[in-house]
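Just so we're on the same page: letters track the sequence lines, and every chain starts at 1.
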There are 2 protein chains.
Amino acid sequence: MRLSRAAEYAVRCMLYLSTAGKGVLVGRRTIAREMDIPEQFLGKIAQQLARAGLIEIIQGVKGGFRLVVPPDELTLLMVIEAVIGEIFLNDCMLWPESCGRSPVCKVHVVWENARNQLRETLRKATFSSLITESPVLSPDAHSSLSLLNP
Amino acid sequence: MRLSRAAEYAVRCMLYLSTAGKGVLVGRRTIAREMDIPEQFLGKIAQQLARAGLIEIIQGVKGGFRLVVPPDELTLLMVIEAVIGEIFLNDCMLWPESCGRSPVCKVHVVWENARNQLRETLRKATFSSLITESPVLSPDAHSSLSLLNP
DNA sequence: GATAAATCAGACATTTTTTATCCTATTTAT
DNA sequence: ATAAATAGGATAAAAAATGTCTGATTTATC
């Protein structure tokens with residue numbers, strides 16, 4: 001019932017890119033170092049974010065990632081579902097036909113409500129709201145100052 | 001991000017016991033058969049439900065399970081957390097000290113809200129409300145009639 | 001054009017979690 | 001005593017998650 005680490009990494013990455021600003025190119029290594037993400041793993045996650053149209057990946061020397069969606073249109077839900085797929089809280093909701101109890105059973109109604117609530121909460125959380133007046137980096141990430149105070 | 005099958009089984013088991021009524025003894029094999037749960041696995045799950053004080057396990061010939069809590073006081077939250085532990089949606093909320101971003105970062109506020117909402121929704125869902133006017137058994141479970149129409 | 005720095009993409013490895021099952025012991029009605 | 005039922009620890013099997021390795025590709029720069 002927990003968020004995967006990959007999704008948590010994705011959020012961290014997008015927080016960093018949001019702080020940098022839409023369209024600003026940041027190297028993969030930089031993000032990995034600043035946000036405590038295994039660099040190769042970040043590569044995999046970035047592919048998913050790119051496929052979802054949230055970032056653009058630039059190859060070659062001076063390559064890296066850049067935010068495509070403006071932070072005030074980017075939501076936690078978009079980032080998380082880009083990585084873990086559409087959120088479902090239980091199986092029978094995902095494959096109602098395999099359960100046989102779905103349309104009639106009130107349990108599924110509860111779960112459906114819970115799911116909708118959760119997704120709505122995550123949809124309301126834009127990255128611009130998440131980075132305002134709130135440090136995104138851990139206290140010991142000194143070098144981040146180069147980004148925040150250019 | 002999905003509910004474990006064990007928790008789903010637990011819910012099914014409690015739905016059956018709730019239909020039977022508080023204090024009514026039902027054999028493990030019966031529940032397993034009627035609710036499509038592997039019998040040995042159900043045994044394991046029942047131990048957790050018993051430890052949480054939700055059911056009582058009777059050994060010996062004519063043994064089985066019986067509901068301790070009345071269905072109108074029994075909630076989805078109680079059953080699910082008895083099996084999977086207290087619900088947390090992400091790690092940093094569970095071990096804030098390991099993250100270093102917890103108290104300041106707004107992401108965690110969002111997740112905390114989401115968590116509270118989810119738990120509240122599940123807390124409001126009592127088993128008495130879940131079994132009223134709603135068939136709990138799959139259509140092909142003929143033998144269930146012996147329980148429902150004694 | 002050659003080189004070096006960067007990412008891509010698929011395969012592979014490792015670890016953790018989940019989902020059971022096996023087997024012996026224990027309990028209890030008859 | 002016996003037989004039917006569950007307990008509980010050990011173990012197995014499967015699935016998912018978390019990375020890592022390696023060769024290919026892209027691109028700025030010399």
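To the nearest angstrom, C1' of D:dA16 lies 11 Å from CZ of A:F41. One can place CZ of B:R2 at 11 Å from C1' of D:dA15, the figure rounded to the nearest angstrom. Here the P atom of nucleotide D:dA17 and the CD atom of A:Q48 are 11 Å apart, to the nearest Å. Rounded to whole Å, atom C1' of D:dA4 lies 14 Å from atom CG of B:L25. Computed from coordinates, the B:R28 CZ to D:dA4 P distance equals 15 Å when rounded to whole Å. The NZ-P distance, from B:K44 to D:dT6, rounds to 13 Å in whole Å. In this structure, the CG atom of A:L42 is 12 Å from the P atom of D:dG19, given to the nearest Å. Whole-Å rounding puts the A:Q40 CD to D:dG19 P distance at 12 Å.
Of the inter-residue distances, the one linking A:E86 atom CD with A:R119 atom CZ reads 4.5 Å to the nearest 0.5 angstrom.
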Chi angles and distances behind the side-chain contact (heavy atoms from CB on, under 4.5 Å) call for A:M14, A:L67 | CA-CA 8 Å; A:M14 295 306 255; A:L67 196 57; 3.7 Å; yes
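The shortest distance between side-chain heavy atoms of B:E81 and B:I87 falls below 4.5 Å. With contacts defined as side-chain heavy-atom distances shorter than 4.5 Å, the pair B:E56/B:I58 qualifies.
Between B:Q59 and A:R29, the residue anchored closer to the 5' end of DNA chain C is A:R29, taking for each the nucleotide with the nearest heavy atom. Where A:L3 and B:F65 each meet DNA chain D at their nearest nucleotide, the meeting point lying more 5' is that of B:F65.
For DNA chain C, the span of nucleotides reached by chain B at under 4.0 Å from its heavy atoms goes, 5' to 3', from C:dT19 to C:dA29.
Distances shorter than 4.0 Å separate some side-chain N or O of A:Y9 from OP1 or OP2 on D:dG19.
Looking at B:Q48, its side chain does come within 3.5 Å of a backbone N or O of B:V83 through a donor-acceptor pair. Counting only distance, with no hydrogens or angles, the side chain of A:K106 and the backbone of B:T132 share a donor-acceptor pair below 3.5 Å.
For the 3.5 Å distance criterion, the side chains of A:T121 and B:Q117 qualify, holding a donor opposite an acceptor.
Under 4.0 Å is where a charged nitrogen must lie from a carboxylate oxygen, and between A:R115 and A:E112 no such pair does.
Inter-axis angle, ends of the helix from C:dG1-D:dC30 to C:dT30-D:dA1, five pairs per end, rounded to 10 degrees: 10°.
Among the heavy atoms of the strands, none lies under 4.0 Å from B:A46.
In this structure, A:R28 forms no cation-pi arrangement with A:F65, as its terminal cationic atom is not both closer than 6.0 Å to the ring centre and no more than 45° off the ring axis.
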